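Just so you know, these numbers come straight off a predicted model, no measurement behind them.
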Amino acid sequence: MNQEHQQTPMPAIPMPAGCRSIPALGFGTAADPPVEPEIVRSAVVEAIEVGYRHFDTAALYNSEEALGEAIIEAIKGGFVESREQLFITSKLWCSDAHPQHVLPALNKTLRNLQMDYIDLYLIHWPVSSKPGIYEYPIKKEDFLPMDFKSVWAAMEECYKLGLTKSIGVSNFSCKKLADVLATAKIPPAVNQVEVNPCWQQQKLREFCKRNGVLLVGYSSLGSIGTFYGTNRVMESEVLKEIAKARGKTVAQVALRWGYEQGIGVVVKSYNKERMKQNLEIFDWSLSDDECRKISEIPQSRACLGKDYTSPYGPYKTTEELWDEEL
């Protein structure tokens with residue numbers, strides 16, 4: 001193994017019974033604005049080399065093929081022994097969120113990744129759109145209400161077939177998650193949503209904990225540079241003050257905070273030095289006073305999801321999309 005020195009081994013967070021534990025820190029592959037596949041491929045190879053083991057992709061991101069190629073390259077290069085040592089998440093796009101399209105969509109994802117299975121398959125957003133049209137943003141007239149019961153049953157079928165080791169949702173409010181839980185035979189293992197010190201999701205975290213659903217956070221550093229991102233995390237005076245006192249980066253403080261909340265965290269950086277720094281969060285902890293200061297940071301959601309609302313419904317406003325959890 002010619003893996004570079006890593007300070008502390010990556011901890012894993014337990015998932016519901018029967019599901020594999022998820023590495024505490026995941027590597028995101030959603031790039032906005034989009035980047036060439038070659039950039040994704042080389043970044044993933046470097047990420048595996050420095051110690052990342054969870055990789056997050058989606059049908060929408062156009063990064064599945066590059067991720068699959070990078071993993072094959074990393075195995076050949078000896079950075080990781082086998083695909084089984086990695087945890088791969090992908091997501092079902094809205095236009096495939098119809099019961100008859102879920103299995104074909106996952107099969108396409110598996111072909112893109114050159115894999116027999118993934119570790120976690122998520123419903124990307126709680127809304128469907130006209131089948132067969134892959135585009136973002138979705139045309140306002142193409143949105144359709146999602147039949148949670150039948151779409152979730154199709155997700156369960158993917159799990160039973162062994163094509164995904166666990167299933168979950170993304171961007172689901174407490175109410176929408178409760179709707180899925182009400183009819184699920186296999187409950188969602190994960191709800192992946194925006195979580196960071198400036199949007200701590202206290203209510204949703206408690207709801208997920210009570211219902212045995214692991215919360216995984218995206219935009220853990222605020223997704224600066226994306227169309228929905230915010231600089232409020234990286235420019236937070238509270239986080240800057242803690243980082244300075246501890247000799248850490250603001251990113252390390254924000255990521256450590258997420259880890260200490262018991263949630264999974266997904267972070268994206270294509271800069272090798274920052275990739276390494278972001279991993280250096282497992283051999284120290286925040287003090288009670290630092291946690292208290294972070295808990296008092298003013299809260300607001302950055303990813304409002306306006307592109308998933310439409311005057312024709314099913315969600316006419318962001319308040320309806322998030323069920324007032326704003």
Over all heavy atoms of both residues, which pair between [X] and [Y] is shortest? Give the atoms and the distance, please.
{"X": "Ser166", "Y": "Met15", "value": "OG-CE, 3.4 Å"}
{"X": "Ile294", "Y": "Pro197", "value": "CG2-CB, 3.9 Å"}
{"X": "Glu46", "Y": "Met275", "value": "OE1-CE, 3.9 Å"}
{"X": "Leu177", "Y": "Pro188", "value": "CD1-CG, 4.0 Å"}
{"X": "Leu214", "Y": "Ile263", "value": "CD1-CA, 4.4 Å"}
{"X": "Glu81", "Y": "Ile75", "value": "O-CG2, 3.6 Å"}

Determine yes or no for a side-chain-to-main-chain donor-acceptor pair under 3.5 angstrom, with [X] supplying the side chain and [Y] the backbone.
{"X": "Glu290", "Y": "Ile242", "value": "no"}
{"X": "Ser236", "Y": "Val233", "value": "no"}
{"X": "Glu194", "Y": "Ala302", "value": "yes"}
{"X": "Gln85", "Y": "Arg53", "value": "no"}
{"X": "Thr226", "Y": "Gly229", "value": "yes"}
{"X": "Ser170", "Y": "Gln192", "value": "yes"}

**Request:** Just jot down the side chain to side chain donor-acceptor pair (under 3.5 Å) partners of Arg292, sequence neighbours excluded, or say none.
**Result:** Asp289, Glu296
**Item:** Non-neighbouring partners of Lys139 that pass side chain to side chain donor-acceptor pair (under 3.5 Å), sequence neighbours left out
**Value:** Glu135
Is there a side-chain contact between [X] and [Y], using heavy atoms and a 4.5 Å cut-off?
{"X": "Val216", "Y": "Val265", "answer": "no"}
{"X": "Asp116", "Y": "Leu110", "answer": "no"}
{"X": "Leu321", "Y": "Thr317", "answer": "no"}
{"X": "Tyr117", "Y": "Thr164", "answer": "no"}
{"X": "Thr249", "Y": "Gln252", "answer": "yes"}
{"X": "Leu92", "Y": "Leu106", "answer": "no"}
{"X": "Cys303", "Y": "Trp199", "answer": "no"}
{"X": "Leu122", "Y": "Val190", "answer": "yes"}

Under the side chain to side chain donor-acceptor pair (under 3.5 Å) definition, can you give me all pairs with a residue in [range], not counting sequence neighbours?
{"range": "residues 93-102", "value": "Asp96-Tyr134"}
{"range": "residues 120-131", "value": "Trp125-Tyr308"}
{"range": "residues 261-271", "value": "Arg205-Gln261"}

Should [X] and [Y] be counted in the same cluster of Ile, Leu, Val, Met, Phe, Trp and Tyr side chains packed under 4.5 Å apart?
{"X": "Leu60", "Y": "Leu120", "value": "no"}
{"X": "Leu286", "Y": "Ile13", "value": "no"}
{"X": "Leu204", "Y": "Val266", "value": "no"}
{"X": "Ile72", "Y": "Ile88", "value": "no"}
{"X": "Val193", "Y": "Val180", "value": "yes"}

**Prompt:** In chain order, what residues pass the ring-ring contact (aromatic ring centres under 6.0 Å, His included) check against Phe207, with sequence neighbours excluded?
**Reply:**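 So Phe207 forms no ring-ring contact (aromatic ring centres under 6.0 Å, His included) with any residue.
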Once rounded to the nearest 0.5 Å, what's the spacing between atom [atom1] of [X] and atom [atom2] of [Y]?
{"X": "Leu221", "Y": "Asn278", "atom1": "CG", "atom2": "CG", "answer": "6.0 Å"}
{"X": "Glu49", "Y": "Ser42", "atom1": "CD", "atom2": "OG", "answer": "11.0 Å"}
{"X": "Asn196", "Y": "Ile297", "atom1": "CG", "atom2": "CD1", "answer": "9.0 Å"}
{"X": "Thr309", "Y": "Trp322", "atom1": "OG1", "atom2": "CH2", "answer": "11.5 Å"}
{"X": "Met115", "Y": "Ser90", "atom1": "CE", "atom2": "OG", "answer": "10.0 Å"}
{"X": "Ile22", "Y": "Met10", "atom1": "CD1", "atom2": "CE", "answer": "10.5 Å"}

N/O donor-acceptor pairs under 3.5 Å from side chains in residues 142-149, not counting sequence neighbours:
{"unit_1": "Asp147", "atom_1": "OD1", "unit_2": "Lys149", "atom_2": "N", "d": "3.3"}
{"unit_1": "Asp147", "atom_1": "OD1", "unit_2": "Ser150", "atom_2": "N", "d": "3.3"}
{"unit_1": "Asp147", "atom_1": "OD2", "unit_2": "Ser150", "atom_2": "OG", "d": "2.9"}

Tell me which pairs pass salt bridge (charged side-chain N to carboxylate O under 4.0 Å, His left out) where either residue lies in [range], with sequence neighbours left out.
{"range": "residues 54-70", "answer": "Asp56-Lys91"}
{"range": "residues 225-235", "answer": "Glu235-Lys240"}
{"range": "residues 315-326", "answer": "Lys176-Asp323, Lys203-Glu325"}
{"range": "residues 13-23", "answer": "Arg20-Asp119"}

**Request:** Walk me through it: do Asp32 and Tyr61 pass the test side-chain contact (heavy atoms from CB on, under 4.5 Å)?
**Result:** CA-CA 9 Å; Asp32 178 64; Tyr61 300 164; over 6 Å; no
**Message:** What verdict does the side-chain contact (heavy atoms from CB on, under 4.5 Å) test give for Trp152 and Ile167, after you've listed the backbone C-alpha separation in whole Å, the side-chain angles of each residue and the deciding distance to 0.1 Å?
**Reply:** CA-CA 9 Å; Trp152 188 253; Ile167 48 178; 3.4 Å; yes
**Prompt:** Do other residues, nucleotides or ligands put more than 12 heavy atoms under 6.0 Å from Lys140 NZ?
**Reply:** yes
**Request:** Look at atom OH of Tyr136 and say whether more than 12 heavy atoms of other residues, nucleotides or ligands are closer to it than 6.0 Å.
**Result:**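 Yes, OH of Tyr136 has more than 12 neighbouring heavy atoms, counting only those of other groups under 6.0 Å.
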**Asked** Which residues satisfy the salt bridge (Lys or Arg N to Asp or Glu O under 4.0 Å) test with Glu38, sequence neighbours excluded?
**Response** Arg41
**Prompt:** Going by distance alone, is a donor N or O of one side chain under 3.5 Å from an acceptor N or O of the other, for Gln277 and Glu273?
**Reply:**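 Distance-only check fails for Gln277 and Glu273.
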**Request:** Assess whether side-chain contact (heavy atoms from CB on, under 4.5 Å) is satisfied between Thr29 and Val44, documenting all intermediate values.
**Result:** CA-CA 8 Å; Thr29 64; Val44 169; 4.3 Å; yes
**Prompt:** Does a salt bridge link Glu260 with Arg256, judged by any charged N lying under 4.0 Å from a carboxylate O?
**Reply:** yes
**Item:** Steps toward side-chain contact (heavy atoms from CB on, under 4.5 Å) verdict (Val102, Glu157)
**Value:** CA-CA 9 Å; Val102 174; Glu157 188 58 28; over 6 Å; no
**Prompt:** Centres of the Phe87 and Phe55 rings: under 6.0 Å?
**Reply:**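 Ring-ring flag for Phe87/Phe55: false, centres at least 6.0 Å apart.
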